[in-house]
Amino acid sequence: DGDVILHKHFVADHLRMAKSGTFVSGSRVLITPEYTQKVIKEKHFEKPSFFSKNIYKRYNSIHNDFFSAINYQMQRGKEQYKYVLGANMAFYKEDLIRVNGYDENFSGWGKEDNNIAIRLCNDGVAIRFLKFGGIVYHLHHAGEKNNNIDDNEILLQDAIRSNTTFVSNGLNAYNLK
């Protein structure tokens, strides 16, 4: 939704992780409200250091291919869909089309990323977590109150229970070719 700034190696990191039959989920560094305002006012972003007071979740700001490879080997297991982050995911187009993209029945924010992840997994597409690479810096903005989180959770649990892969209300509504 246009509220992230990509690390200079973001695309290269995602390409390194791209593998047929998988999708990639990364993490994000949170920028403070004060630094966000400065970036917007000056129209200039300078990557904060690990020790900067301008960031939260600073461990996500470490870019290191060796650490990334080790983390990838360690971050596997059941219920991985819970840890995806829509602010930093990449899919192969054919996989996204096969599950019909995001479920448009979700409203507000929350659980829609977990839903597409579980549907892709149900379809045989594996998650590859990208940590210590593929970094995004998330600009601060006031969060919308999400009064639909309970309804969104029900949609997610339905997809899990029924082993859903395809949703009827998704990309097909846009007549994409």
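All residue numbers refer to positions in the sequence shown, counting from 1.
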Tell me whether the NZ or CZ atom of Arg128 lies within the 45° cone about the ring axis of Tyr72 and under 6.0 Å from its centre.
yes
Do [X] and [Y] make a side-chain contact, defined as non-hydrogen atoms from C-beta onward lying under 4.5 Å apart?
{"X": "Asn100", "Y": "Ser168", "value": "no"}
{"X": "Val125", "Y": "Tyr92", "value": "no"}
{"X": "Asn105", "Y": "Val167", "value": "no"}
{"X": "Asp103", "Y": "Ile116", "value": "no"}
{"X": "Asn172", "Y": "Phe166", "value": "yes"}
{"X": "Ile55", "Y": "Leu30", "value": "no"}
{"X": "His138", "Y": "Asp3", "value": "yes"}
{"X": "Ile127", "Y": "Phe23", "value": "yes"}

Could you check whether any side-chain N or O of [X] sits under 3.5 Å from a backbone N or O of [Y], counting only pairs where one atom can act as donor and the other as acceptor?
{"X": "Asn88", "Y": "Gly134", "answer": "yes"}
{"X": "Glu153", "Y": "Asp151", "answer": "no"}
{"X": "Asn152", "Y": "Gly110", "answer": "yes"}

Hey, any chance [X] and [Y] share a hydrophobic cluster, counting ILVMFWY side chains that come within less than 4.5 Å of each other, even indirectly?
{"X": "Leu85", "Y": "Ile149", "answer": "no"}
{"X": "Ile97", "Y": "Val99", "answer": "yes"}
{"X": "Val39", "Y": "Val136", "answer": "no"}
{"X": "Phe132", "Y": "Met74", "answer": "yes"}

For Ile160 and Gln157, run side-chain contact (heavy atoms from CB on, under 4.5 Å): C-alpha distance rounded to whole Å, both residues' side-chain angles, the deciding distance at 0.1 Å, then the answer.
CA-CA 5 Å; Ile160 293 168; Gln157 292 306 316; 3.9 Å; yes
What one should report as the nearest heavy-atom pair of Ala159 and Arg119 is CB-CG, 4.5 Å
So which atom in Tyr83 and which in Asn114 form the shortest heavy-atom distance, rounded to 0.1 Å?
N-ND2, 4.4 Å
With rounding to the nearest 0.5 angstrom, report the [atom1] to [atom2] distance, [X] to [Y].
{"X": "Asp158", "Y": "Ile118", "atom1": "CG", "atom2": "CD1", "result": "12.5 Å"}
{"X": "Asn71", "Y": "Phe66", "atom1": "CG", "atom2": "CZ", "result": "12.0 Å"}
{"X": "Ile62", "Y": "Lys131", "atom1": "CD1", "atom2": "NZ", "result": "9.5 Å"}
{"X": "Asn122", "Y": "Thr165", "atom1": "CG", "atom2": "OG1", "result": "7.0 Å"}
{"X": "Glu112", "Y": "Ser107", "atom1": "CD", "atom2": "OG", "result": "9.5 Å"}
{"X": "Leu130", "Y": "His14", "atom1": "CG", "atom2": "NE2", "result": "5.0 Å"}

Is the closest side-chain donor-acceptor distance between Tyr81 and Asp113 under 3.5 Å?
no
Those residues that, when tested against [X], pass salt bridge (Lys or Arg N to Asp or Glu O under 4.0 Å) (two or more places apart):
{"X": "Asp95", "answer": "Arg98"}
{"X": "Arg16", "answer": "Asp13, Asp65"}
{"X": "Lys8", "answer": "none"}

side-chain hydrogen bond (donor to acceptor under 3.5 Å, both in side chains) partners for Tyr174, two or more places apart:
Glu104
Identify, with sequence neighbours excluded, every residue that meets side-chain hydrogen bond (donor to acceptor under 3.5 Å, both in side chains) alongside Thr164.
Ser162
Apply side-chain contact (heavy atoms from CB on, under 4.5 Å) to residues Ile31 and Phe45 and explain how you reach the verdict.
CA-CA 11 Å; Ile31 304 295; Phe45 176 78; 4.3 Å; yes
Pairs flagged by side-chain hydrogen bond (donor to acceptor under 3.5 Å, both in side chains) wherever residues 19-40 is involved - sequence neighbours left out:
Ser27-Asn60
With side-chain contact (heavy atoms from CB on, under 4.5 Å) as the test, pick out the partner of Ile135 among Val29, Ile5, Leu6.
Val29
Anything under 30° is parallel, anything over 60° is perpendicular, the rest tilted; go ahead and classify Phe91 against Tyr102.
perpendicular
Within a reach of under 6.0 Å around CZ of Phe50, are more than 12 heavy atoms found that belong to other residues, nucleotides or ligands?
yes
